[in-house]
Peer 1: 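I have a structure here, written as structure tokens, and I will follow up with some questions on it.
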2 protein chains.
Amino acid sequence: MANMKKSEVLKIVGQNIKRIRLEKGLTQVDLVGKIEARIDTTNISRIEKGRTNATIHTLFKISQALEVPLSEICDVHFYKSE
Amino acid sequence: MANMKKSEVLKIVGQNIKRIRLEKGLTQVDLVGKIEARIDTTNISRIEKGRTNATIHTLFKISQALEVPLSEICDVHFYKSE
DNA sequence: TCTTGACTTGTCAAATATGGCAAATATGAA
DNA sequence: TTCATATTTGCCATATTTGACAAGTCAAGA
């Protein structure tokens, strides 16, 4: 997909996080409770909604709390130039 | 890996990018030339060296230019809590 | 209705990513 | 060495993420 908009990428990543979180039966509060570093539900919510362009380290912390590889959160399907 | 430091994650992501870029026979200048949005080698260098905690959208743009899935760039092996 | 829990949104300050340019530092070839 | 190319680094200004807290929304029950 040649021109995937920024907002689309962020939305897909956010949906991935939310989907995995729900599959694990976790609330946002549960999730932040599992993260060692400080993060609160404000940011989880913004990331899940695709309103924020999170840094890789923040996503990594989330992936650790969800016990999945970072690459699973970053599974954005359309990467080809055409 | 319980406590992977921020700097380690950034380094691995940066190494992934550099490795893929070299496999494709691209210089940093080639790479930025393939990116539609504005990016210059300053940032590529900083990201490849792990000196900057890039946002997911920046990494996505790089993955598009490299013609690999974002998840390949984000392949950080240690994700388990233990 | 009222309450509770889960999530969203607004605002703020501090930290930092980004883009841009210039200079410094490799690296390799002639 | 000299030259050219590639990469790294420093600095600056701007934009945005992040963390924090408060307030608002929403749904499900009692």
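A quick note: this is a predicted structure, and the numbers were derived from the prediction, not measured. In what follows, chains carry the letters A, B, and so on, assigned in the order in which the sequence lines appear, proteins first and then strands, with residues in each chain numbered from 1.
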Peer 1: Is the closest side-chain heavy-atom distance between Q28(B) and S45(B) below 4.5 Å?
Peer 2: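 In contact.
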
Peer 1: Considering non-hydrogen atoms only, spot the tightest contact between I12(B) and D75(B) and give its length.
Peer 2: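 Reported closest heavy-atom pair: CG2-O, 3.9 Å.
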
Peer 1: Please state how far atom CD1 in I56(A) lies from atom P in dT18(C), giving the value in whole angstrom units.
Peer 2: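 For the pair I56(A) CD1 and dT18(C) P, the rounded distance is 11 Å.
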
Peer 1: Using a heavy-atom cut-off of 4.0 Å across all strands, would you classify T41(B) as base, sugar-phosphate, or nothing?
Peer 2: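 Result for T41(B) = base.
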
Peer 1: Is the closest side-chain heavy-atom distance between I56(A) and L70(A) below 4.5 Å?
Peer 2: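 Yes. Closest side-chain heavy atoms under 4.5 Å.
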
Peer 1: Please determine whether a side-chain nitrogen of the Lys or Arg among R21(A) and E48(A) lies less than 4.0 Å from a carboxylate oxygen of the Asp or Glu.
Peer 2: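 Between E48(A) and R21(A) there is a salt bridge, with a charged N closer than 4.0 Å to a carboxylate O.
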
Peer 1: Between N53(A) and E48(B), which residue's closest nucleotide on DNA chain D lies nearer the 5′ terminus?
Peer 2: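 In this pair, the answer is E48(B).
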
Peer 1: Does a side-chain heavy-atom distance below 4.5 Å link I44(A) with L31(A)?
Peer 2: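 Yes, their side chains come closer than 4.5 Å.
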
Peer 1: Distance check needed: dA17(C) C1' versus L59(B) CG, whole Å only.
Peer 2: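 Value for this atom pair: 11 Å.
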
Peer 1: Which nucleotide wins on minimum distance to the side chain of T58(B), given the candidates dT18(C), dG19(D), dT17(D)?
Peer 2: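 Nearest to the side chain of T58(B) among the choices is dT18(C).
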
Peer 1: Nearest whole Å is fine: how far is dT18(D) P from I35(A) CD1?
Peer 2: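 Between P of dT18(D) and CD1 of I35(A): 11 Å.
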
Peer 1: Do you know the tightest heavy-atom contact between I20(B) and E72(B)?
Peer 2: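 Nearest pair, atom of I20(B) first, then E72(B): CD1-OE2, 3.8 Å.
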
Peer 1: May I ask you to evaluate whether K61(B) reaches the phosphate of dA17(C), defined as a side-chain N or O under 4.0 Å from OP1 or OP2?
Peer 2: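 Answer is no, no contact under 4.0 Å.
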
Peer 1: Between R51(A) (CZ) and dT18(D) (C1'), how many Å, whole number?
Peer 2: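 It works out to 15 Å between those atoms.
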
Peer 1: Hey, what bend do you get for the helix from dT1(C)-dA30(D) to dA30(C)-dT1(D) if you fit axes on five pairs at each end, rounded to 10°?
Peer 2: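 Taking five pairs per end, the axes differ by 40°.
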
Peer 1: Check the distance between dT7(D)'s C1' and K49(B)'s NZ and give it to me in whole angstrom.
Peer 2: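 For the pair K49(B) NZ and dT7(D) C1', the rounded distance is 9 Å.
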
Peer 1: Using a heavy-atom cut-off of 4.0 Å across all strands, would you classify S45(B) as base, sugar-phosphate, or nothing?
Peer 2: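 Base, at least one base heavy atom under 4.0 Å.
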
Peer 1: Can you name the residues that form a salt bridge (Lys or Arg N to Asp or Glu O under 4.0 Å) with R46(A), not counting sequence neighbours?
Peer 2: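 If we apply the salt bridge (Lys or Arg N to Asp or Glu O under 4.0 Å) test to R46(A), skipping adjacent residues, there are no hits.
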
Peer 1: Could you tell me the separation between the CD1 atom of I44(B) and the C1' atom of dT9(D), rounded to a whole number of Å?
Peer 2: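 The answer, rounded to whole Å, is 16 Å.
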
Peer 1: Looking only at side-chain N and O atoms, does R21(B) come under 4.0 Å of OP1 or OP2 in dA6(D)?
Peer 2: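 For dA6(D), neither OP1 nor OP2 has a side-chain N or O of R21(B) closer than 4.0 Å.
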
Peer 1: Does a side-chain heavy-atom distance below 4.5 Å link L66(A) with I73(A)?
Peer 2: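 Yes - at least one pair of side-chain heavy atoms lies under 4.5 Å apart.
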
Peer 1: Between L59(A) and I17(A), is there a side-chain heavy-atom distance shorter than 4.5 Å?
Peer 2: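 When only atoms from C-beta onward are counted, L59(A) and I17(A) do touch, with a gap below 4.5 Å.
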
Peer 1: In this structure, how many angstroms lie between the P atom of dT9(D) and the CD atom of Q28(B), rounded?
Peer 2: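 These atoms are roughly 11 Å apart.
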
Peer 1: What is the distance from NE2 of H57(A) to C1' of dA15(C), rounded to the nearest Å?
Peer 2: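 To the nearest whole Å, that distance equals 14 Å.
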
Peer 1: Sugar-phosphate atoms are those with a prime plus P, OP1 and OP2; base atoms are the rest. Using that split, label each nucleotide of nucleotides 20-30 of chain D B, S or - for protein heavy atoms under 4.0 Å, 5' to 3'.
Peer 2: BB---------

